[in-house]
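For reference, the structure discussed in these notes is given below.
Lettering follows sequence order; numbering is per chain, from 1.
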Protein chains: 2
Amino acid sequence: MPRWDPRAEDRLREAALELFLEYGYENVTVAEITERAGLTRRSFSRYFTDKRDVLFAESEQLPVALAGSVRRADAALSPFEALLAALLDIAGALADQAPLAAQRRAVVRASPELQERGRTKFADVTAAVAGALRDRGTAESQATLLAEVGVAIFRTAFDRWTDQPDGVGLPVRIREAAAELAAGLGAVDFDALPRP
Amino acid sequence: MPRWDPRAEDRLREAALELFLEYGYENVTVAEITERAGLTRRSFSRYFTDKRDVLFAESEQLPVALAGSVRRADAALSPFEALLAALLDIAGALADQAPLAAQRRAVVRASPELQERGRTKFADVTAAVAGALRDRGTAESQATLLAEVGVAIFRTAFDRWTDQPDGVGLPVRIREAAAELAAGLGAVDFDALPRP
């Protein structure tokens, strides 16, 4: 075994996902993950704190990265445009994650504990993005609404992207989901809705 | 003490919220709640399973109620219109909850455990609404996107309604948040966004 393996982190992640899908997340130990990857407990600890971390480590930077991108977006952009520009910016950096992401999602979906953890992660993303929008001058309650909708667009686009490995990139999926929402909301006839 | 008190549930809820705000949710016992309300442990158990339930019992019916309303909405309405009609429908039933809701929100915000519980609740609402939209013929991945956006509109409207006790009703706040989102998204210049 080489003393330094640039692929160690990926190998551990791949081994963990395989095992989680084969035996169920709850039934897999870190020892089994390292054995399957042909690595040691020490290498595991270099990249992950525990087995749950294997699933969430990559999204750890998402709140800070997205918020930073919102803050840096062209001052001429509207709040929604700045938000979408930030999502497109981040999407570029995730280009190589589609295959693992689909497996990861299957594992998370099978466990209430992991779903809860995923929701906490997305709440952190929403809070960070809302903070960045406020820094651009968006009012508090509008910033939270936009951030929640931005996260919904991102999640939908990400799921479509990983579900349909047809070469359509994540940025295209983000534009598509946002345009779909704009068209749907734009066509709402508010007069046709029940009156208070 | 009367053997049957139609106000017992409200008195327990009010006593609990007062105590949570005074001493912190973690530090309050069910015995203290019933003592403050002048009621017995038995009356408490008639309405709530535990102290956390005091905060969430009212939203227990929300997933089923909203999903039912989406399914019953006029078949001529678009998916987004059906969703908004359902939100407006439910909003009518919540008219008397504004004062307690603001206190409740302050309690939940102060506790990570309760925030997590609240997120799980909203995830249940989203899943139920998405299911109802699929029953109306909306495609799966679009149904989830619309449901998430609908829940974001509802939460924003609810928070604005409870934050600003100025007589503006929840249905008006829902229309306002939806219109705001429609305007913001409608004005997005997709050509001004970064290209992949």
Return a table of donor-acceptor pairs under 3.5 angstrom between the side chains of residues 62-71 of chain A and protein atoms on other chains or two or more places apart.
unit_1: A:Ser69; atom_1: OG; unit_2: A:Asp89; atom_2: OD2; d: 2.7
unit_1: A:Arg71; atom_1: NE; unit_2: A:Asp135; atom_2: OD2; d: 2.6
unit_1: A:Arg71; atom_1: NH2; unit_2: A:Asp135; atom_2: OD2; d: 3.0

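The pair B:Glu9-B:Arg46 does not meet the salt-bridge criterion, since no charged nitrogen lies less than 4.0 angstrom from a carboxylate oxygen.
For A:Asp189, the parts lying under 4.5 angstrom from a heavy atom of chain B are both the backbone and the side chain. Heavy-atom distances place no part of B:Ala183 under 4.5 Å from chain A, backbone and side chain included. Proximity to chain B (any heavy atom under 4.5 Å) is restricted, for A:Arg160, to the side chain, taken from C-beta onward. With a 4.5 angstrom heavy-atom cutoff, A:Ala179 touches chain B via backbone and side-chain atoms both. At a 4.5 Å heavy-atom cutoff, B:Gln115 makes no contact with chain A through either its backbone or its side chain. Proximity to chain A (any heavy atom under 4.5 Å) is restricted, for B:Leu88, to the side chain, taken from C-beta onward. Proximity to chain A is absent for every atom of B:Ala91, based on heavy atoms less than 4.5 angstrom apart.
Among the candidates A:Asp74, A:Val188, A:Ile153, the residue making the largest number of heavy-atom pairs closer than 4.5 Å to chain B is A:Val188. For chain B, the option among A:Ala192, A:Gly184, A:Ser78, A:Gly186 with the highest count of heavy-atom pairs below 4.5 Å is A:Gly184. Ranking B:Ala187, B:Ser141, B:Ala182 against chain A, the residue ahead of the rest is B:Ser141, based on heavy-atom pairs under 4.5 Å.
Between the CG atom in A:Leu100 and the CZ atom in A:Arg104 there is a gap of 10.0 Å [rounded to 0.5 Å].
With a 6.0 Å cutoff to the six-membered ring centre and a 45° limit on the axis angle, A:Lys121 does not count as a cation-pi contact of A:Phe56. Cation-pi geometry between B:Arg155 and B:Phe122 is met: the NZ or CZ atom falls under 6.0 Å from the ring centre, inside 45° of the normal.
Counting non-hydrogen atoms of neighbouring residues, nucleotides and ligands closer than 6.0 angstrom, the OH atom of A:Tyr23 reaches no more than 12 such neighbours.
Each of A:Ile33, A:Val30, A:Val54 was compared with A:Phe48 under the side-chain contact (heavy atoms from CB on, under 4.5 Å) criterion, and only A:Val54 meets it.
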